[in-house]
> 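This is the structure I have questions about; it appears just below.
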Amino acid sequence: MERVASSETAVGRGEGPVKALDNLSLTIRDGETMAIVGPSGCGKSTLLRVVAGLEHPDSGNVYYDEKLMNDIAPRTAGSDGVSELCPVPAHEGEGNLGFFFRVRKRTNEEMMERIRITSEIMGIGFDLLLERKPGKLSGGQQQRVAIGRCIVRDPSLFLFDEPLSNLDAKLRSDTRVEIKRLLHRFTITAIYVTHDQTEAITLGDRIAVMRAGKIEQLGTYQEITGDPVNSFVAGFLGLPAMNLLRGWVATADGSLASDLGRIPSRRRCAG
């Protein structure tokens, strides 16, 4: 699977044009979970909207299995997603999960089997949520039902836009495990946008660090933190955060000189 997108949108807000997304090039492997991290406003959510077909790029292309997806309607694109605030229709949980199958007139046996598999993946207690309507579910429970609704559809691509940000710490940790189990069981290709580095490390096979519509660095957590390409990446990704020290490269031996002394350096770290 390949997804490459570039979008530049001018929006008048009094202070001049704004680039919603610019100069992005990203290839996602089949069955891979790509975690996207970066500061607010860097283009993470815009990227998901472009991939989902909700925003059309002014330039550049989006491909899925070498098929151009720029003009494909979102409902036929084979993707599904969960956002930070994901509304749940006013049916009981089972009706929510089975809605996709009823609309497409699939068999009741197929629908119930997918609901059973989904309940198994989502863990103990999920069956109880299927008996309730959204008004009787907490925000975290509604989010779990929304994730389950995506699983039932068996999409070829999952798009997650900070789906766990409204959950408490315990439920967030539990749901993270459920999502990891889901992605591994079905080998689903996924893009996971998050501000939480623990989520990115836990769920992402690779991590893309974004800034101002550009991919600053792409790789595993160990690759990025072990060899950051610049000071922005070095200071942004890492638990705990990396200490940054001003210095200069000594031309004689290539070491990095600072007020604390000299250390060997393979290259100068760009700002």
> Would you call Val209 and Phe232 a side-chain contact if the rule is heavy atoms closer than 4.5 Å?
yes
> List for me each residue that meets salt bridge (charged side-chain N to carboxylate O under 4.0 Å, His left out) alongside Arg206, sequence neighbours excluded, and say none if there are none.
Glu32
> Hey, are the side chains of Glu199 and Glu162 touching, using non-hydrogen atoms and a 4.5 Å cut-off?
no
> Side-chain heavy atoms under 4.5 angstrom apart, residues restricted to Ile, Leu, Val, Met, Phe, Trp, Tyr: same cluster for Ile201 and Met242?
no
> Treating Lys214 as the side-chain partner and Cys42 as the backbone partner, does any N or O pair qualify as donor plus acceptor under 3.5 Å?
no
> Given Asp174 and Val177, is the side-chain contact (heavy atoms from CB on, under 4.5 Å) satisfied, shown in steps?
CA-CA 5 Å; Asp174 293 343; Val177 173; 5.8 Å; no
> How long is the span from the OH atom in Tyr192 to the NZ atom in Lys180, to the nearest 0.5 Å?
11.0 Å
> With rounding to the nearest 0.5 angstrom, report the CG to OG1 distance, Leu159 to Thr189.
10.5 Å
> Shortest non-hydrogen contact from Asp205 to Gly31?
OD2-O, 4.2 Å
> For Gln217 and Val229, indicate whether the former's side chain and the latter's backbone hold a donor-acceptor pair under 3.5 Å.
yes
> Is it true that Leu244 and Leu239 fall in one hydrophobic cluster, defined by side-chain heavy atoms closer than 4.5 Å?
no
> Does any part of the side chain of Phe160, heavy atoms only, come nearer than 4.5 Å to the side chain of Leu203, both counted from C-beta?
no
> With rounding to the nearest 0.5 angstrom, report the CD to CG distance, Gln197 to Leu237.
4.5 Å
> Just jot down the side chain to side chain donor-acceptor pair (under 3.5 Å) partners of Thr202, sequence neighbours excluded, or say none.
none
> Hey, does the side chain of Asp65 reach the backbone of Lys67 with a donor-acceptor pair shorter than 3.5 angstrom?
no
> Do Leu164 and Asp196 touch side chain to side chain, with heavy atoms closer than 4.5 Å?
no
> Quick check: do Val37 and Met210 have side-chain heavy atoms less than 4.5 Å from each other?
no
